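Here's the structure we're looking at; comments come further down.
Bear in mind that the values here come from a model prediction, so they are computed numbers and not experimental data. Just so it is clear: chains get the letters A, B, ... in the order the sequence lines come, proteins before strands, and each one is counted from 1.
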Amino acid sequence: MSGATAKFSSSYHLAAALRREPDPAAALRLFLSPTPTAAAGPSSSPAPPFRYSLRCYDIIVCKLAAARLFPAMESVLARLPSSLRPREPLLCRVISAYGRARLPAAARRAFAHPAFPAPRTARALNTLLHALLACRAPLPELLSECRGSGIHPDACTYNILMRAAVADSGSVDNACLLFDEMLQRGIAPTVVTFGTLVTAFCEAGRLEEAFKVKEVMSLQYNIRPNAHVYASLMKALCEKGKVDDAHRLKEEMVSNSEPLVDSGAYATLARALFRLGKKGDVVSLLEEMKEKGIKVGREVHNSMIAGFCEDEGDLDAAFVALGDMQKGGCKPDSVSYNTLVGGLCKMGRWRDASELVEDMPRRGCRPDVVTYRRLFDGICDAGGFSEARRVFNEMVFKGFAPSKDGVRKFVGWIEREGDAASLESVLCQLASVNALESSEWEKAMSGVLHDPAEQKIVKLLDNLRLA
DNA sequence: CTAGGGTTAG
């Protein structure tokens, strides 16, 4: 009995410790050897490892997935005893982590992973479709995934397919065909479906049709346009220079819908006003939000940071805005920092940008692809190549591919240095983040391969392509 | 953390 309690409590404590550990690699070590010192009581002989709870697996897999430590994550999944059947939410997390990392084949493999109980539901299928969409898989591939699965599509499935249709063909018409098909199959469109259509028409610049969808949804389907719908329409109006119309639409939005504590649409307006140099109007916009009890959300803060960085060129004000954001109870995210990094780089202050990026983890924000790309590009633009080399190593180590533009400049520098060994290692690093196959990139390389190391590197390239 | 928007790149 007490043994059972001890076991339970060990697994429980391990789960708590895993959850507490911010460093995923450290969490993994904890997971692999959970009983180093403290756990071993005075009377305990070399304790047999207690049975891990599903919870422990959940936590460690999620942590590793979020940190993109995929090989480690897979090995943990492989260690799952067959008595433990992790549930679908975990599967969905794994699939979408692969989607975010742009690894479609891995996402498919995860979907079929035997550790998870069959049969798959529409939810898992939809997660896979969404991951494939994130990987820019063409629509036909998504469709065949649907057919092959034998799972009944739901509204969510169609919403994803419609997004994919727009992303793939760039035309709204295929999305409309899918909409018709969904009606024929008796699947009721949701507010998301209409929001997707509105956005699609807006992105295509077809504002009249976008507004028509808004009308149809409320008149024929009795579904009220929500903040998403308004945000898309307002953004499109702002892009056409019709900021006053966007303003009027915002009035309608506020008077129309009750549960609008959503500040997203305000972000568009704020940024548009910044672009027009109307900072004063932004101030009254913020006051209006306060009056109406709408919380000034992250996006609004970020759009102001962007306004100060890009429209005003006033980095000091941008940092003040960052401080206001925190004071307002809003945690800056990578968008906030990325904007500042870009702003600093644009002013030639890449050393400050570098420092800011280094400070991000301490501030509770992980640098992402965009962070590194902007920093790397900025440093390369300014010719700070030895710092660029450091950033390059760091980003590649974390699995992020640099932009083509940055790579071109960076490789050009190495060429001028005439350092073949360095070039070779940069190639390997690029290959490791799948940044080696674009034709654009090959063009950038073609001018480089002319010294004695050429043959060797060409061979290396061939080998890498085969892999 | 099954789907849509708004703030940063492309």
Side-chain angles (χ1 to χ4, degrees), chain A residues 58 62 65-66 87-97 99-100 111 120-131 133-134 136 151 153-164 166 175 189-200 202-203 213 225-236 238 246 250 253 262-272 274 296-307 309-310 321 325 330 332-343 345 368-378 400-406 440:
Chain A
D58 267 345
C62 285
R87 278 181 285 277
E88 204 170 67
L90 185 66
L91 173 63
C92 290
R93 282 197 183 220
V94 170
I95 294 171
S96 45
R100 276 193 302 274
F111 180 70
R120 299 292 187 255
T121 67
R123 179 171 290 211
L125 171 67
N126 293 341
T127 308
L128 175 64
L129 294 176
H130 188 236
L133 170 62
R136 317 243 188 298
I151 297 167
D154 58 14
C156 180
T157 314
Y158 271 98
N159 294 341
I160 298 167
L161 292 174
M162 284 165 65
R163 277 290 295 165
V166 175
T190 66
V191 68
V192 178
T193 314
F194 291 111
T196 305
L197 278 175
V198 167
T199 306
C202 283
E203 280 170 359
V213 172
N226 62 6
H228 291 253
V229 172
Y230 280 108
S232 283
L233 291 168
M234 285 169 62
K235 184 187 183 187
C238 286
K250 184 225 35 174
M253 170 180 89
D262 190 323
S263 70
Y266 281 84
T268 307
L269 262 188
R271 187 64 208 274
F274 260 108
V296 178
R298 184 171 290 170
E299 315 75 13
V300 180
H301 286 291
N302 283 342
S303 80
M304 289 195 290
I305 293 173
C309 282
E310 277 155 39
M325 178 173 190
C330 245
D333 61 2
S334 63
V335 176
S336 327
Y337 289 110
N338 295 348
T339 308
L340 289 164
V341 168
C345 285
D368 63 14
V369 222
V370 181
T371 317
Y372 281 110
R373 284 190 178 176
R374 295 191 122 194
L375 180 61
F376 183 68
D377 286 359
F400 298 127
S403 73
K404 291 188 181 85
D405 216 46
E440 188 65 18

With A/Arg100 via side-chain contact (heavy atoms from CB on, under 4.5 Å) - residues at least two apart: A/Ser96, A/Ala97

Atom CG of A/Asp405 and atom P of B/dA9 are separated, to the nearest Å, by 14 Å

Tell me what A/Arg120 touches on the nucleic acid: a base, only sugar-phosphate, or nothing, going by heavy atoms under 4.0 Å. nothing

Considering every strand and a 4.0 Å limit on heavy-atom distances, what is the contact class for A/Glu310: base, sugar-phosphate, or nothing? sugar-phosphate

Rounded distance (Å) that lies between atom P of B/dG10 and atom CZ of A/Phe376: 14 Å

Any side-chain N or O of A/His130 below 4.0 angstrom from OP1/OP2 of B/dC1? no

Remember a base hit wins even if backbone is also touched, and classify A/Val229 as base, sugar-phosphate or nothing at under 4.0 Å, heavy atoms. nothing

What integer distance in Å separates A/Leu197:CG from B/dG5:C1'? 14 Å

For A/Glu203 and B/dG4, what is the distance between atoms CD and P respectively, to the nearest whole Å? 12 Å

Calculate the interatomic distance between A/Ile95 atom CD1 and B/dA3 atom P; express it in whole Å. 12 Å

Between B/dA9 (P) and A/Lys404 (NZ): distance, integer Å: 17 Å

Here the residues of residues 154-162 of chain A within 4.0 Å heavy-atom distance, strictly under, of DNA chain B are A/Cys156, A/Asn159, A/Ile160

Whole-Å distance, A/Asn126 CG to B/dC1 P, equals 15 Å

Short side-chain N/O contact to B/dC1 OP1/OP2 from A/Arg93, under 4.0 Å: no

Categorize A/Gly264 for me: base, sugar-phosphate, or nothing, with a 4.0 angstrom heavy-atom threshold over every strand shown. base

Sequence neighbours left out, what passes side-chain contact (heavy atoms from CB on, under 4.5 Å) with A/His130? Give chain and number order. A/Leu133, A/Ile160

Between atom CE in A/Met304 and atom C1' in B/dT7, what is the gap in whole Å? 11 Å

Give A/Arg374 one of three labels, base, sugar-phosphate or nothing, depending on what nucleic acid heavy atoms sit under 4.0 Å from its own. sugar-phosphate

